[in-house]
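Have a look at the structure below, then the notes.
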There are 2 protein chains.
Amino acid sequence: MLKITRKVEYALIALRHFQNQEKDKLTSAKEMSKAYGIPQELLAKILQRLARENIVDAVKGPAGGYKLAVDPKTINMTKFFEIMEGPMGIMDCYFDSGCEQLQSCNIRTPLNRINDSIRSMFDNMTLADITY
Amino acid sequence: MLKITRKVEYALIALRHFQNQEKDKLTSAKEMSKAYGIPQELLAKILQRLARENIVDAVKGPAGGYKLAVDPKTINMTKFFEIMEGPMGIMDCYFDSGCEQLQSCNIRTPLNRINDSIRSMFDNMTLADITY
DNA sequence: TTATATACGACTATATTAGTCGTAAATCAT
DNA sequence: ATGATTTACGACTAATATAGTCGTATATAA
Ligand code: FES
Ligand code: FES
């Protein structure tokens with residue numbers, strides 16, 4: 001309940017790694033997977049996702065790898081989570097209006113309020129806040 | 001990701017239901033399951049849990065049912081979530097210190113900060129806040 | 001041309017959540 | 001007493017979501 005996924009966790013580890021490094025130094029999925037004990041294929045897929053979203057740059061070939069493509073300050077966490085995992089809401093009906101309970105539902109409003117609080121909390125954070 | 005479980009959702013629906021009702025009126029699991037379209041057995045189990053935790057009172061026998069046992073203002077949401085679902089943290093290592101990544105983990109601190117924010121947000125809410 | 005790295009989707013495995021079922025015990029009405 | 005109704009509880013199964021693997025393709029440096 002209210003858990004972050006490993007996908008996000010690994011992505012954050014990777015991004016933090018880049019921030020701790022010389023700006024344009026490349027790190028390969030392999031290196032990084034060893035360093036942090038993350039399954040290589042999985043981490044690779046995550047880095048690929050980040051590359052597709054232009055959060056990191058990818059360089060192919062031997063001695064290739066990834067590096068940060070943007071200033072982490074410019075990416076807010078809500079957006080980041082949604083890039084990685086799709087719509088973020090404590091319940092599905094926040095987005096998906098096909099909820100069966102909807103007619104009789106007596107907690108929609110308060111739950112939406114909670115949702116808004118969580119979202120705005122993450123709206124006010126950027127990837128850079130994961131640095132410290 | 002960052003989802004609430006149905007168990008919690010149903011519990012909240014039930015509790016809100018009691019709050020909308022005459023103070024000592026009993027509602028059976030059956031009635032309520034019909035009213036909100038929730039599987040009866042499941043809702044029953046949830047109400048039983050709430051009864052065990054003395055949040056609701058249970059009355060057996062025909063014309064029995066449940067009613068609120070406490071002032072909802074007195075139960076904070078963090079505690080409530082943990083009663084229903086166990087330890088609440090965006091990642092397991094918040095509680096469980098047996099994390100494999102721990103040595104090399106570079107995001108523990110910031111993630112704990114986020115965790116604290118979420119917890120304190122719910123610490124400052126009570127069940128009564130689900131009323132409106 | 002070979003070794004190394006990214007790219008991507010399909011697939012499998014595992015864990016979590018959701019829901020069901022069987023059985024017991026209390027209680028009320030007849 | 002007996003039967004109907006309801007809570008109590010745990011074991012079980014089903015469904016879904018998450019985590020991880022694999023095969024294959026493509027780019028590139030040496
Ligand atoms: S549960 Fe979907 S609207 Fe309340
Ligand atoms: S992932 Fe467990 S300590 Fe960071």
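Closest of all the heavy-atom pairs between A:Lys7 and A:Met84 is CE-O, 3.2 Å. Here the closest non-hydrogen pair linking B:Leu26 and B:Glu31 is O-OE2, 4.1 Å. Residues A:Ser104 and B:Ala35 share a closest heavy-atom pair of CB-O, 3.4 Å. When every heavy atom of A:Thr126 is checked against every heavy atom of A:Lys73, the shortest pair comes out as CG2-O, 3.1 Å. Between A:Gln19 and A:Ala128 the shortest heavy-atom distance is OE1-CA, 4.1 Å.
Axis deviation across the helix from C:dT1-D:dA30 to C:dT30-D:dA1 amounts to 0°, comparing end segments of five pairs, rounded to 10 degrees.
For the pair A:Asp92 CG and C:dA18 P, the interatomic distance rounds to 10 Å; values are reported in whole Å. As a whole-Å value, the separation of A:Asp57 CG from C:dA5 P is 18 Å. What separates CD1 of B:Ile4 from C1' of C:dT16 is a distance of 16 Å, to the nearest Å. The separation between A:Lys25 atom NZ and C:dA5 atom P is 13 Å, rounded to whole Å. One can place CZ of B:Arg6 at 11 Å from C1' of C:dG19, the figure rounded to the nearest angstrom. If you measure from atom CE of A:Met1 to atom C1' of D:dA17, you get 17 Å, rounded to the nearest angstrom.
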Applying side-chain contact (heavy atoms from CB on, under 4.5 Å) to B:Met32 and B:Ile13, what does each step give before you reach the verdict? CA-CA 9 Å; B:Met32 213 186 272; B:Ile13 289 177; 5.8 Å; no
side-chain contact (heavy atoms from CB on, under 4.5 Å) between B:Leu12 and A:Leu111: does it pass, once the steps are laid out? CA-CA 10 Å; B:Leu12 291 175; A:Leu111 250 37; 3.9 Å; yes
Whether each nucleotide of nucleotides 24-30 of chain C has a protein heavy atom under 4.0 Å at its base (B), only at its sugar-phosphate (S) or at neither (-) is summarised, 5' to 3', as --SBB--
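A heavy atom closer than 4.0 Å to some atom of DNA chain D occurs in A:Pro39, A:Glu41, A:Leu42, A:Lys45, these being the qualifying members of residues 39-55 of chain A. Listed by residue number, the members of residues 74-89 of chain B with any heavy atom below 4.0 angstrom from DNA chain C form an empty set.
With contacts defined as side-chain heavy-atom distances shorter than 4.5 Å, the pair A:Glu85/B:Leu2 does not qualify. Using a 4.5 Å cut-off on side-chain heavy atoms (C-beta onward), A:Glu82 and A:Arg119 make contact. Within the 4.5 Å cutoff, the side chain of A:Phe122 has heavy atoms near those of the B:Ile118 side chain.
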Per-pair distances, 0.1 Å, donor-acceptor, side chain in residues 47-70 of chain A, under 3.5 Å, sequence neighbours excluded:
residue, atom, partner, partner atom, Å
A:Lys67, NZ, A:Asp24, OD1, 3.2

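Remark on DNA chain C: of its neighbouring residues A:Ala29 and A:Lys3, the 5'-side contact belongs to A:Ala29, judged by nearest-heavy-atom nucleotide.
The CD1 atom of A:Ile114 sits 11.5 Å away from atom OG1 of A:Thr109, with the distance rounded to the nearest 0.5 Å. The CD1 atom of A:Ile107 lies 9.0 Å from the CZ atom of B:Arg16; values are rounded to the nearest 0.5 Å.
Of the candidate nucleotides D:dT18, D:dA8, C:dT17, C:dT17 has the atom lying nearest to any side-chain atom of B:Thr5. With D:dT6, D:dA8, D:dA19 as the choices, the nucleotide that has an atom nearest any side-chain atom of B:Ser28 turns out to be D:dT6.
Between B:Tyr10 and C:dG19, a side-chain N or O to OP1/OP2 separation shorter than 4.0 Å is present. Between A:Tyr66 and C:dA7, a side-chain N or O to OP1/OP2 separation shorter than 4.0 Å is present.
For the ring pair (Phe, Tyr, Trp, His ring centres under 6.0 Å) condition, the pairs that include at least one residue of residues 3-56 of chain B, sequence neighbours left out, are B:His17-B:Tyr36.
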